[in-house]
Amino acid sequence: KAGVTQTPRYLIKTRGQQVTLSCSPISGHRSVSWYQQTPGQGLQFLFEYFSETQRNKGNFPGRFSGRQFSNSRSEMNVSTLELGDSALYLCASSLEGDSRTDTQYFGPGTRLTVL
Amino acid sequence: AQSVTQLGSHVSVSEGALVLLRCNYSSSVPPYLFWYVQYPNQGLQLLLKYTSAATLVKGINGFEAEFKKSETSFHLTKPSAHMSDAAEYFCAVRGRGNQFYFGTGTSLTVIP
């Protein structure tokens with residue numbers, strides 16, 4: 001089975017722009033979660049999607065949004081980029097996401113640099 | 001609320017020596033705990049997970065972890081370090097819904 005894929009792997013944007021990141025989960029996985037990883041804050045949960053609905057959300061401003069398509073692929077959008085948005089954005093997929101023993105499998109991430 | 005604390009942001013060991021990476025958890029419910037490894041410029045790879053079936057959990061690459069409820073710990077060990085073990089290691093606890101709470105990570109350096 002193919003793993004979680006994320007595109008693009010690297011992005012460079014300037015302040016004020018917006019960006020869209022894409023994630024394709026493992027085949028059969030219906031839950032997709034997004035995390036932001038920075039040296040200062042570590043791994044922080046952004047949100048989770050299941051069956052095209054946002055099921056859980058972390059403490060990020062409304063500039064961060066996402067969606068999930070019927071094939072479980074997910075996109076994350078960041079509008080009005082700030083310098084502090086520079087980070088590695090990780091996507092993780094799991095089967096259903098509602099079993100407490102469910103495991104999240106991570107993609108390689110998208111490295112976003114905001115200039 | 002669930003959280004994990006990793007003691008020691010950097011750990012150095014000699015090749016062939018014991019690896020011990022510490023993780024303590026806080027959870028209001030029976031915890032489900034995970035260890036992930038991250039190599040440079042890559043995503044996180046699951047090493048092992050504790051789901052209450054057995055307190056000693058064996059993972060990939062020779063790693064194992066022991067769940068100790070009395071100490072609220074889930075430390076990661078490997079009897080003999082290899083150069084290829086150099087990476088960042090994250091402990092995580094499964095929280096409400098499908099949200100994972102990660103520790104701040106421990107960077108492992110293996111000295112030849």
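Letters go in sequence order (proteins before strands), and every chain restarts at 1.
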- To the nearest 0.5 Å, atom CD of B:Q42 lies from atom CG of A:L90 at 11.5 Å
- Message: Please determine whether residues A:V19 and A:L46 belong to a single hydrophobic cluster, defined as Ile, Leu, Val, Met, Phe, Trp and Tyr linked transitively by side-chain heavy-atom distances below 4.5 Å.
- Response: yes
- Message: Are more than 12 heavy atoms, taken from residues, nucleotides or ligands other than B:K58, located less than 6.0 Å from that residue's NZ atom?
- Response: no
- Item | B:L76-B:V11 co-clustered via ILVMFWY side chain contacts under 4.5 Å | yes
- Message: Other residues, nucleotides and ligands only: do more than 12 of their heavy atoms fall within 6.0 Å of CZ on B:R22?
- Response: no
- Per-residue contact mode, B:Y36 against chain A (heavy atom under 4.5 angstrom): side chain
- Query: How many angstroms lie between atom CD of A:Q41 and atom CZ of B:F102, to the nearest 0.5 angstrom?
  - Reply: 15.5 Å
- Message: Heavy-atom pairs under 4.5 Å with chain B: which of A:G42, A:P108, A:G109 has the most?
- Response: A:P108
- Query: Applying the 4.5 Å side-chain criterion to the ILVMFWY set and letting contacts propagate, would B:V37 and B:L33 be lumped into a single cluster?
  - Reply: yes
- Flag if over 12 foreign heavy atoms under 6.0 Å of CG, A:N59: no
- Hydrophobic cluster identity match, A:W34 and A:L81, side-chain contacts under 4.5 Å: yes
- Task: Report whether A:L11 and A:L83 are members of the same hydrophobic cluster (ILVMFWY, side-chain heavy atoms less than 4.5 Å apart, transitive linking).
- Result: yes
- Query: Which pair of heavy atoms, one from A:F106 and one from B:L44, lies closest together, and at what distance?
  - Reply: CB-O, 3.3 Å
- Task: Output, in order, the C-alpha distance, side-chain angles, deciding distance and verdict of side-chain contact (heavy atoms from CB on, under 4.5 Å) for A:L88 and B:Q38.
- Result: CA-CA 12 Å; A:L88 180 67; B:Q38 185 177 34; 3.7 Å; yes
- Heavy-atom distance under 4.5 Å to chain A: side chain of B:F90, backbone, both or neither? side chain
- Item | Toward chain B, the part of A:Y35 with a non-hydrogen atom under 4.5 Å | side chain
- Under 4.5 Å from a heavy atom of chain B, the part of A:Q6 involved: neither
- Query: Where is the tightest heavy-atom contact between B:N41 and A:R9, given as atom of each residue plus distance?
  - Reply: O-NH2, 3.2 Å
- Item | Separation of B:F100 CZ from A:T103 OG1 (nearest 0.5 Å) | 6.5 Å
